[in-house]
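Report on one structure; see the data block that follows.
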Amino acid sequence: MATKKLFIRTFGCQMNVHDSEQLEELLKVAGYARAESAKDADLVIVNTCSIRDKAEQKVYSQLGRYRHLKKSKPHLQIGVCGCVAQQHGERLLEKAPFLDLVIGTHNLDRLPECIARARQTGRPVVETAFRETVPSIGIPTLPAEGSVSAFVTIMQGCDNYCAFCVVPYLRGREESRGFEDILAEVNALAARGVKEVTLLGQNVNAYGKSFGGKHSFAQLLRAIGAVPGIGRIRFTTSHPKDLSDDIIACFREMKNLCESIHLPVQSGSDEILARMNRRYTSADYLDRVRRLREASPEIAITSDIIVGFPGETEQDYQKTLDLMEKVRFDTVFSFRYSERQGTAAVGLGGKVDPGEKRRRLIELQALQDRHTQEKHDSLVGRTVEVLVDGTSRNTDRDVTGRTRSNKIVNFAGGRDLIGRTVRVRIVAAFLHSLRGEMLEGEGGFPGCSSR
Ligand code: SAH
Ligand code: SF4
Ligand code: F3S
């Protein structure tokens with residue numbers, strides 16, 4: 001029997017990217033191989049994100065394109081997975097009656113069986129029930145030979161209910177994955193030659209809380225740090241309220257914990273933080289930043305910020321800019337507040353005018369661009385450690401990789417450097433990347449235990 005072809009289009013966060021990797025693994029077992037494009041596929045999966053209205057609208061325009069494809073290729077199956085599927089379930093079929101599958105965030109493991117059911121019955125299959133545990137969390141996705149980095153999911157769901165955020169309604173209750181299970185996966189990845197792992201969860205700092213504190217996130221970090229071959233560890237995302245001194249100490253103690261943290265602040269105004277239900281103040285946040293820098297002076301700190309949350313006045317907004325001046329983030333992902341159905345903020349007064357939100361965002365991004373450029377400029381002339389992860393998109397004479405602080409560096413070199421850690425002198429700095437020159441005599445060394 002000829003192999004069936006699968007095309008997955010992914011939207012959203014790194015967790016979604018990893019979910020897609022897991023879906024692909026599952027479907028490989030079910031006899032599917034990757035198609036180069038949707039046109040060549042027998043099955044198209046759209047793995048969706050609903051975090052802001054714009055993210056959701058992108059999914060619908062993509063589906064519109066696939067609908068046309070189905071007209072010329074009637075045997076094509078089209079499925080929607082992930083957060084938009086979870087949010088709308090059956091109702092998605094009213095908007096998109098051509099769909100064969102609607103599979104929510106807790107049911108990805110059921111995809112093969114659902115595909116078969118949809119074929120047999122000729123009717124769409126919808127699976128969006130929440131379950132105690134999410135079996136797909138542990139699907140091993142041993143990356144292709146030669147892969148450098150891998151994601152490892154360490155927890156599911158979120159119980160924080162930030163007033164703006166739809167995630168707790170789409171990903172369910174916060175639940176940590178078993179300690180041994182995670183370690184077994186990291187060991188298997190290391191045996192496969194993976195050098196860098198990124199631990200994933202909506203709030204990784206709270207790891208272990210769901211099983212009564214038997215294992216903490218700091219303990220997990222230290223255990224992963226002891227796995228031979230894993231030279232770099234990263235994690236995302238951290239909630240400032242759960243960033244303990246023990247986690248901060250890991251940055252001081254662990255050689256293979258990269259000097260980089262994504263620590264979303266959302267706002268610099270205490271009134272807005274309280275309305276957002278973030279459960280920290282701007283002073284708490286600044287204190288965490290100070291401790292992080294004390295433990296690890298070179299640490300790169302990145303963040304998420306929302307402008308125009310209901311009730312945000314010009315003064316509140318100015319406090320966010322003030323906080324940015326105090327912290328000087330390496331990068332900020334900034335967003336205009338987007339109202340999401342079912343969240344607490346829907347009921348809040350003081351909606352901010354869309355034009356005003358746009359103005360605040362543009363101004364804030366200009367400030368951040370200045371800070372990012374200054375940070376990058378300060379690296380010119382310095383030597384950094386780069387883990388090479390591929391060839392450059394623009395020319396095959398260059399390779400690309402990341403510093404421990406997670407900045408992209410491009411430099412002249414061949415494919416043989418992929419998977420190696422080399423020392424590179426930074427010669428030019430741009431807003432989104434750095435240009436470097438590999439130090440002479442650097443053949444590259446596997447692993448990366450030096451700082
Ligand atoms: N779990 C992560 C973030 C998940 S969503 C955390 O707690 O940090 C990623 C970012 O999207 C959030 O940090 C927030 O800045 C932004 N975001 C979430 N909901 C939003 C909304 N309704 N409007 C605008 N931005 C939003
Ligand atoms: Fe959303 Fe807050 Fe949970 Fe992050 S911590 S996923 S922002 S509810
Ligand atoms: Fe989007 Fe769902 Fe991630 S809403 S940000 S894909 S958890």
Side-chain angles (χ1 to χ4, degrees), residues 5-13 15-17 19-20 23-24 27 35 37-131 134 136 157 164-172 335-347 351 354:
K5 288 288 182 73
L6 159 75
F7 186 77
I8 306 184
R9 176 80 165 86
T10 308
F11 294 91
C13 61
M15 298 202 78
N16 240 25
V17 171
D19 286 348
S20 288
L23 279 177
E24 188 169 346
L27 292 172
S37 72
K39 280 207 299 293
D40 306 325
D42 304 288
L43 170 65
V44 170
I45 296 288
V46 188
N47 197 10
T48 59
C49 175
S50 182
I51 196 77
R52 287 168 289 276
D53 186 54
K54 215 162 105 189
E56 192 177 334
Q57 295 312 323
K58 268 196 218 161
V59 170
Y60 297 131
S61 27
Q62 190 64 51
L63 283 178
R65 271 169 244 144
Y66 293 148
R67 180 170 66 100
H68 289 296
L69 198 60
K70 190 155 176 160
K71 278 194 192 141
S72 58
K73 216 176 154 184
H75 85 281
L76 174 71
Q77 283 185 301
I78 303 180
V80 173
C81 293
C83 291
V84 174
Q86 189 63 46
Q87 187 170 31
H88 297 302
E90 198 88 38
R91 274 175 296 154
L92 207 49
L93 296 174
E94 289 162 23
K95 272 199 173 169
F98 55 90
L99 290 177
D100 299 279
L101 304 147
V102 177
I103 312 288
T105 54
H106 279 208
N107 291 283
L108 301 183
D109 59 307
R110 295 195 164 134
L111 190 59
E113 142 210 340
C114 294
I115 293 170
R117 209 176 340 139
R119 270 261 189 262
Q120 273 158 16
T121 60
R123 298 171 53 81
V125 172
V126 179
E127 287 283 358
T128 53
F130 274 147
R131 292 146 86 185
V134 178
S136 57
F164 50 81
C165 183
V166 76
V167 170
Y169 308 96
L170 306 182
R171 294 268 171 173
F335 313 100
R336 277 176 279 170
Y337 169 69
S338 162
E339 186 169 278
R340 304 313 282 140
Q341 225 178 55
T343 59
V346 171
K351 303 281 185 272

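Small disclaimer: the values here were computed from a predicted structure and weren't measured. We're numbering straight along the sequence, starting at 1.
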Item to complete: Identify, with sequence neighbours excluded, every residue that meets ring pair (Phe, Tyr, Trp, His ring centres under 6.0 Å) alongside Phe335.
Response: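 If we apply the ring pair (Phe, Tyr, Trp, His ring centres under 6.0 Å) test to Phe335, skipping adjacent residues, there are no hits.
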Do side-chain atoms of [X] reach the backbone of [Y] as a donor and acceptor pair under 3.5 angstrom?
X      : Y      : result
Thr48  : Cys81  : yes
Arg119 : Gln77  : no
Glu127 : Gly104 : no
Asp109 : Ser136 : no

With rounding to the nearest 0.5 Å, note down the distance linking [atom1] in [X] to [atom2] in [Y].
X      : Y     : atom1 : atom2 : value
Leu92  : Leu63 : CG    : CG    : 7.0 Å
His68  : Lys73 : NE2   : NZ    : 16.0 Å
Ile51  : Asn16 : CD1   : CG    : 10.5 Å
Leu101 : Ile45 : CG    : CD1   : 6.0 Å
Asp42  : Lys5  : CG    : NZ    : 8.0 Å
Cys49  : Gln87 : SG    : CD    : 10.0 Å

Residues in side-chain contact (heavy atoms from CB on, under 4.5 Å) contact with [X], at least two apart in sequence or another chain:
X      : answer
Ser20  : Ile8, Thr10, Asn47
Pro168 : Cys158, Tyr161, Cys165
Pro112 : Leu26, Leu27, Ala30

Discussion item. Could you work out, with salt bridge (charged side-chain N to carboxylate O under 4.0 Å, His left out) as the rule, every residue matching Lys39, not counting sequence neighbours?
Written reply: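 Checked Lys39 against salt bridge (charged side-chain N to carboxylate O under 4.0 Å, His left out); zero matches.
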Item to complete: Can you tell me which residue pairs pass the ring-ring contact (aromatic ring centres under 6.0 Å, His included) test with a partner in residues 70-119, sequence neighbours excluded?
Response: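 Only His106-Phe130 qualify under ring-ring contact (aromatic ring centres under 6.0 Å, His included).
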Where do [X] and [Y] come nearest, in terms of heavy atoms and distance?
X      : Y      : value
Gly89  : Val126 : C-CG1, 4.1 Å
Glu339 : Tyr337 : CA-OH, 3.5 Å
Thr128 : Ala85  : CG2-O, 3.5 Å
Arg171 : Cys83  : NE-SG, 3.5 Å

Worksheet item: Phe7 ring centre to Arg9 NZ or CZ under 6.0 Å, with the angle to the axis within 45°?
Response: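 No.
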Practice prompt. Determine which pairs satisfy salt bridge (Lys or Arg N to Asp or Glu O under 4.0 Å) with at least one residue from residues 81-103, sequence neighbours left out, and list them in order.
Written response: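 Those involving residues 81-103 are Lys70-Asp100.
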Taking only residues two or more places apart in sequence, or in another chain, which ones meet [X] in a side-chain hydrogen bond (donor to acceptor under 3.5 Å, both in side chains)?
X      : result
Tyr66  : Gln62
Asn107 : Arg110, Arg131
Ser37  : Asp40
Gln57  : Asp53

Discussion item. Val134 vs Thr105, test: side-chain contact (heavy atoms from CB on, under 4.5 Å). Steps then yes/no.
Written reply: CA-CA 8 Å; Val134 178; Thr105 54; over 6 Å; no
Worksheet item: Is any side-chain heavy atom of Arg340 less than 4.5 Å from a side-chain heavy atom of Ser50?
Response: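 Arg340 reaches Ser50 side chain to side chain.
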